[in-house]
Amino acid sequence: MAERPVIARVRPDSRVPQLDREFDYRVPPGMTVLPGQRVRIPMGRGSRVQTGFVTEIVSSSEFGGTLLDVEDVVSDVQVLTPELLSLATEVASRHAGGVSDVLRLAIPPRGVRVEKAWQQNPHSGGDLPSPPQPSSAFDPDGLAQMLQPGARTWWQLPYGVNSKHPTSHYEIVSVASTVLAQGRSVVISVPDWRDVAFLHELLQEAVGEEFVSRFDADQTPGERYSHYLRGLEADPVIVIGARHAIYAPVSNLGLVLVLHDADDLHREPLAPYPHTRDVALIRAEQSGAALVLASFVPSLAALRLIEMGFVNSLHPRNDERPRVVPTSLTGAESISPQQARLPSIAFRAVAQALQEGPVLIQVFRSGFAPGLACSQCRERARCRECQGPLRAHRKGDRERCAWCSTPADRWSCGLCGSTTWVPIGQAIGRTANELGKAFPGVSVIQADGEHRKLRVPSKPALVIATRGAEPVAEGGYQAALLLDGESMLQRQSLSALTETLDGWEHALSLLSHGAQAFLTDVEGPIANAMAASSVEGLLRRELGERQHVRLPPSVRLATIEGPTAQVSTLADSLAISFPTLEAIGPVAVKSGAHRYVFKIPYSEAPQLARELRAAVVHSAVTRGRGSVRLRVSFDGASALDELASSSQ
DNA sequence: AGCACGCCGACT
DNA sequence: GTCGGCGTGCTC
C-alpha cells in the first residue's frame, strides 16, 4: 500500500530565464519540508545541486516524468512568505523580468550564526507603545483618512527644522507610531542613508528598539538577515530602510510609505529595475494597506496618479515654504570672477546671515562630469564634429567632446559666435575654495558622497553640500544659496527638471523659520515659479507636455536590445500585435547589437510585458551563434535617458 | 547557466 | 576503426 506522496513545488534560485518557474520534487520519507523554506534540489542534466525556494506542498504533480527527490532543507526558517511571493511575482511580470531576480533583491543571503541566535532567542512580544500626540500640522481627519486601509495619498510634507530633526521626519514618525499603536506594521522606504539614520533615531525614541527594524546599504549581510528575520515574527514592526526595505516581510501591514519618490535613488539598478514607488503601489494593493507618497512637491508620477483621481492629496494646514529670491547673473554685479560667481544681492544676504548662523550652499553633484557653456550667451558648448557635449577634462588635458573625444580646438559658439567658454557644474572642491576666499574668516564645512555629515552645529559656517548630501543644521540654516541650477537643468535627462526642483525644495526644507533662499543662475519661468511658490503648476505643465508627446510618466517605456536581426523581427511582429505601440529604433549599440525603445499605454503594457518575457525565454533557449542575447527591460532606470539622447 | 547527447572530420 | 569537435536541447 503506497503512502500518499508529498510533493514540494520549488522555484530554483537561478538567473536563467527558462528556469524561472516552478519544478516539482518528491519529498523523501522522513524529511519535513515546509512552504517558504530554502531547499537544495538536483537540477539539469548532471543533476547538479542548486538551491531554491519551496512555494507549495502538494500531493500530486502534473509532471509526466518521474520526480527527483529534494536533496536537503537548507534551514527550517520559512523565509519566503506567501505575501512576498505574490509581490515578487507581480513585480516581475510588470517589468518583464524574473521572479527569482526580484526575490534576490528582497531576501538577504542567509547567515547561519545570525539565524541560530535568532531561533534561540526570538523577540518576545512586549506591550505595544501608546499612540503619539496628534500632529498639529495637519487636519486630524485628513490624517485619519490617509491611514485608512486601501487609501492612497500624496502627502505634502511640512518645511522646516525642529531642533535636531527636520519637521517632516517628526511627522513621518508620528504617523508610523500611530499605525503601530493599532497593532499594525509599517514599511518606510527612503532614498538615502541619511534619511534612514535620522528616522531610525527618531523611531527608536518614539516606539523603542524592539519595534523598529532597519535596512540599509552599510549593514553587513548578517545584520540585514537579522532584521529580515525580525519581520517574520508575529509582532508588528516599523521597517525603515532604503530601496530594498520595500520588500521586508512584516505581519499585519498597515502602511507603506515612500519618501521622496522623485529621487533617482528609488530606481533599482539591478534587473528587473523596479522603482520603489511601483513596488509600493503593488504591495499596498495586494495587502490592503494604506499607501503614502511623501515629499515636498509631487513627482510627475504621483501627479499623474493625483490627476487620475487614483491618489488623494493631503497638505499641511499652513504653508511655511521659505521665500526664494531669484538673482540671475545676467546684468548683476558679481564679485571677483576668479572667485565665486555670486550676484551681489546674494553675497550681501549670505554675509548677513552668517552673523546669525550656518548658511547652506547647495552645489551640483560632485563627480558629475562638468560641461562647458559659451561665455557670452551661456549656450551649451557642443562638438563641431558630432554635436556632442564638450567636457572639461582633468588638469592639463584639453577639453574634448564627451561622445567622440575630438579636442575642442577652434571652437566657436553656434549661437553667438563667441570663442570663449566657461565651465558649468563645477566640482564641489572648487566651489569650496572660491567661497572660502569670498568670505574670509568663516569656517567652511563640506558635505558630499565622500564627506558624509549628518548634522552641523548652529554656529556661523558655510556649509557646502552636494544635492542630496545636505546636513541638518540645528534650528535650521539662516540662508541658502542654490548654485549650478542651470547646469542641472541642462542635463541630458528627462528627469532633469523634477530632480532639480526636488533638490531645491529639500534645501528649502532645511531653512530656519523666516530665512530665505537665493537662486543664482536660473531665469525665466522656472525661477518665477520658485519665487511664487507655484512649482506644482510648473510640474503640471510638464506632465501635460509629456502627455502630448507621449513620454513617461504618461506612457510606459520598454527597451529591447540584442542581435540586429532578432531585435528587428521582434519589433516588426510587436508593431502588428500592438497598434498603440510606438517604436523608436533601431539604434546601434556596442558590438553589433541594436536597441529599440517602445512607448506603450499603461493599458497595453501588461500584455507587452508578457510577450517580451516570452521572447527572452525563447531567445535564451534557442541560442544563436552570436554571444549577444536578447535583453529586455520595462521602465528601466536608463530607458528615459536613452530616449532623451536618441531623440536629440 | 551547465551539461550530456549527437553526428561529422583526422588520428594512433 | 575511434577520439573529439562543438551545435542543439533540456532541466521536475
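What you see is a predicted model; the values in this text were computed from it and never measured.
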Could you check which of C:dT11, B:dG2, C:dC12 has an atom nearest any side-chain atom of A:R48?
->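 Shortest atom-to-atom distance from the side chain points to B:dG2.
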
Provide the full list of salt bridge (Lys or Arg N to Asp or Glu O under 4.0 Å) pairs with a residue in residues 571-584 of chain A, sequence neighbours left out, each pair given once.
->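 Qualifying pairs, neighbours excluded: A:R550-A:E582, A:E582-A:K599.
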
What would the secondary structure line of DNA chain B be in dot-bracket form, counting Watson-Crick and G-U wobble pairs under 3.5 Å, with [ ] for pairs that cross earlier ones and | for pairs with another strand?
-> |||||||||||.

Length of the [atom1]-[atom2] vector between [X] and [N], whole Å:
{"X": "A:H618", "N": "C:dT8", "atom1": "NE2", "atom2": "P", "answer": "13 Å"}
{"X": "A:Q18", "N": "B:dG2", "atom1": "CD", "atom2": "C1'", "answer": "11 Å"}
{"X": "A:F23", "N": "C:dC10", "atom1": "CZ", "atom2": "P", "answer": "12 Å"}
{"X": "A:R21", "N": "C:dC12", "atom1": "CZ", "atom2": "C1'", "answer": "8 Å"}
{"X": "A:L68", "N": "C:dT11", "atom1": "CG", "atom2": "C1'", "answer": "9 Å"}
{"X": "A:Y25", "N": "C:dC12", "atom1": "OH", "atom2": "P", "answer": "5 Å"}
{"X": "A:D20", "N": "C:dC12", "atom1": "CG", "atom2": "P", "answer": "16 Å"}
{"X": "A:I41", "N": "B:dA1", "atom1": "CD1", "atom2": "P", "answer": "18 Å"}

At under 4.0 Å between heavy atoms, what does A:L19 touch on the DNA or RNA strands: base, sugar-phosphate, or nothing?
->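 A:L19: base contact, heavy atoms under 4.0 Å.
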
Name the nucleic acid region contacted by A:E22, choosing base, sugar-phosphate or nothing; use a 4.0 angstrom heavy-atom cut-off, strictly under.
->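 Answer is nothing: A:E22 stays at 4.0 Å or more from every strand.
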
Compare the aromatic ring of A:F63 with the six-membered base ring of C:dC12 and state whether they stack according to the 5.5 Å and 30° rule.
->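 Yes, A:F63 stacks on the base of C:dC12.
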
For residues 610-617 of chain A, run the donor-acceptor check on the side chains, cut-off 3.5 Å, and write out each pair with its distance to 0.1 Å, sequence neighbours left out.
none

Going by an N to O cut-off under 4.0 Å, is there a salt bridge joining A:D218 and A:R452?
->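 Yes, charged N to carboxylate O under 4.0 Å.
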
Ignoring hydrogens and geometry, is there a side-chain-to-backbone donor-acceptor pair from A:S185 to A:S251 under 3.5 Å?
->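 Looks like yes, one N/O pair under 3.5 Å.
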
Do A:H200 and A:R214 get their side chains close enough for a donor-acceptor pair, meaning under 3.5 Å?
->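 Distance-only check passes for A:H200 and A:R214.
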
Can you tell me if CD on A:E285 sees more than 12 non-hydrogen neighbours from other groups inside 6.0 Å?
->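 Incorrect, the count does not exceed 12.
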
For A:R104, does the CZ atom sit with more than 12 other heavy atoms under 6.0 Å from it, leaving out its own atoms?
->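 Atom CZ in A:R104 is packed in, count exceeds 12.
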
So which of residues 5-14 of chain A are in contact with DNA chain C, with a heavy-atom cut-off of under 4.0 Å?
->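 Those residues: none at all.
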
What pairs of donor and acceptor atoms, side-chain ones from residues 47-58 of chain A against any protein atom, are under 3.5 angstrom apart with sequence neighbours left out?
residue, atom, partner, partner atom, Å
A:T55, OG1, A:R9, O, 3.2
A:T55, OG1, A:E22, OE2, 2.7

A:Y228: ring pair (Phe, Tyr, Trp, His ring centres under 6.0 Å) partners, not counting sequence neighbours =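 Partners of A:Y228 by the ring pair (Phe, Tyr, Trp, His ring centres under 6.0 Å) criterion come out as none, since no residue qualifies.
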
Tell me whether the OP1 or OP2 atom of B:dA1 has a side-chain N or O from A:R45 closer than 4.0 Å.
->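 Checking A:R45 against B:dA1: no side-chain N or O falls below 4.0 Å of OP1 or OP2.
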
